[in-house]
Q: 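The structure's right below; bear with me while I get my questions together.
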Amino acid sequence: MSPLTKQQLEQIRDERSMQIKQAALKVFARYGFAGTKTSMIAAAAGISEGLIYRYFKSKDILFSTIVETLMEDAASEINDSRSMPGTPYEQIKALTLHMLDDENKYAFMLILKARKMEDLPPKVTQLFEQYSPDAIIDQLLPLFIKGQESGEFASGNPRQLLQWYFSVINSLILQEQGDEPYGFPDVAVLMRILTNK
């Protein structure tokens, strides 16, 4: 068997790092930063606990890395949703579907819970100061107002309507209803909060 090339070794390293981060994301989302032990992450990833420390020097660094990636991805996702084809209703519906998707709900759950936690790593505290919890509403306001003007969305204070809407979605994510027998409500049901229908 020939030795692995540098490129192959880097690919293995990237894959292992991603495996650890994906497992850690779900564990942190469920148990919080303080309630998570690296042994729990190792069990979820199917690796030894020592292997985590070959990729991340500490639990703080692993958590900070995940939060930073999630915040950057969320900001990018919101920007992308505003340039998607379709009406304002279709764009906000697509964003909602993305938030409630099984692949993404843990990311939103982790951020929502982490914003309420104390004793977070300093890097995470800095990220939360940089990315406002109202950023999604601030960025969607022009789109929502456009939808109000076209009659797609209910009249009223646009910021208040969006705040109520995302409060419901955030509550559903935090309750982990996707794991319950009833699951998440259909997005069309949720979208009724924003419409006249």
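Quick note: residue numbers are just sequence positions, from 1. Predicted, not measured: the structure shown is a model, and the values here were computed from it.
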Q: Between Tyr89 and Ser150, is there a side-chain donor-acceptor contact under 3.5 Å, judged purely by atom types and distance?
A: no
Q: If you compare all heavy atoms of Ala29 against all heavy atoms of Met109, which two are closest, and at what distance to 0.1 Å?
A: O-SD, 3.5 Å
Q: Testing the 3.5 Å rule here: is there a donor-acceptor pair between the side chains of Glu152 and Thr87?
A: yes
Q: Grab the two heavy atoms, one from Leu161 and one from Leu194, that are nearest each other, plus how far apart they are.
A: O-CD2, 3.7 Å
Q: Looking at residues at least two apart in the chain, or sitting in another chain, which of them share a salt bridge (charged side-chain N to carboxylate O under 4.0 Å, His left out) with Lys123?
A: Glu68
Q: Holding to side chain to side chain contact (heavy atoms under 4.5 Å, CB included), I want the full list of residues that pass it with Ser48, two or more places apart in sequence or in another chain.
A: Leu51
Q: Taking side chain as C-beta onward, heavy atoms only, is Ile92 less than 4.5 Å from Tyr165?
A: yes
Q: Ignoring hydrogens, what is the shortest heavy-atom contact between Met99 and Ile173? Give both atom names and the distance.
A: O-CD1, 4.1 Å
Q: I'd like to know if the side chain of Asp60 reaches the main chain of Pro121, judged simply by a donor and an acceptor atom lying under 3.5 Å from each other, with no hydrogens or angles considered.
A: no
Q: Going from CD1 on Ile52 to OG on Ser58, what distance comes out if it is rounded to the nearest 0.5 angstrom?
A: 11.5 Å
Q: Out of curiosity, Leu190 CG to Phe166 CZ, how far, rounded to the nearest 0.5 Å?
A: 10.5 Å
Q: Do Leu140 and Leu143 touch side chain to side chain, with heavy atoms closer than 4.5 Å?
A: yes
Q: Are Arg30 and Tyr106 close enough that some pair of their side-chain heavy atoms sits under 4.5 Å apart?
A: yes
Q: If you define the side chain from C-beta out and look only at heavy atoms, does anything of Lys105 sit under 4.5 Å from Leu172?
A: no
Q: Please report the interatomic distance OG(Ser64) to CG(Leu127), rounded to the nearest 0.5 Å.
A: 7.5 Å
Q: Calculate, to the nearest 0.5 Å, the distance between atoms CG and CD belonging to Asp134 and Gln139 respectively.
A: 11.5 Å
Q: Is there a side-chain contact between Phe108 and Ile111, using heavy atoms and a 4.5 Å cut-off?
A: no
Q: Ignoring hydrogens and angles, write down the donor-acceptor pairs under 3.5 Å from the side chains of residues 13-22, residues two or more places apart or on other chains.
A:
residue: Glu15; atom: OE2; partner: Gln11; partner atom: NE2; Å: 3.0
residue: Arg16; atom: NH1; partner: Gln19; partner atom: OE1; Å: 2.8
residue: Gln19; atom: NE2; partner: Ala45; partner atom: O; Å: 2.6

Q: Quiz question: by atom type and distance under 3.5 Å, do the side chains of Thr38 and Tyr53 form a donor-acceptor pair?
A: yes
Q: Assess whether atom CG of Asp186 is packed by more than 12 heavy atoms of other residues, nucleotides or ligands within 6.0 Å.
A: yes
Q: Which one of Leu110, Ile41, Val67 satisfies the side chain to side chain contact (heavy atoms under 4.5 Å, CB included) criterion with Leu25?
A: Leu110
Q: Nearest heavy-atom pair of His98 and Asn104: which atoms, and what distance?
A: O-ND2, 2.8 Å
Q: Return the minimal non-hydrogen interatomic distance between Gln160 and Asn157, and the atom names on each side.
A: N-OD1, 3.0 Å
Q: Is the number of heavy atoms from other residues, nucleotides or ligands within 6.0 Å of CZ (Arg54) greater than 12?
A: no
Q: Please check: side-chain N/O of Gln148 versus main-chain N/O of Gly156, any donor-acceptor pairing under 3.5 Å?
A: yes
Q: Ile136 and Ile145: same hydrophobic cluster, using ILVMFWY side-chain contacts below 4.5 Å?
A: no
Q: So do Lys59 and Phe33 actually touch side chain to side chain, heavy atoms under 4.5 Å?
A: yes
Q: Find the distance between CG (Leu97) and CE (Met191) and round it off to the nearest 0.5 Å.
A: 9.0 Å
Q: As an exercise, state the distance from CZ of Phe28 to OG1 of Thr36, rounded to the nearest 0.5 Å.
A: 5.0 Å
Q: Go through it in stages, so that I can follow the logic: the residues are Arg115 and Leu112, the test is side chain to side chain contact (heavy atoms under 4.5 Å, CB included), and I'd like the CA-CA distance, side-chain angles, deciding distance and then a yes or no.
A: CA-CA 6 Å; Arg115 281 198 182 275; Leu112 291 168; over 6 Å; no
Q: What is the minimum heavy-atom distance between Tyr131 and Met71, and which atoms define it?
A: CB-CE, 3.1 Å
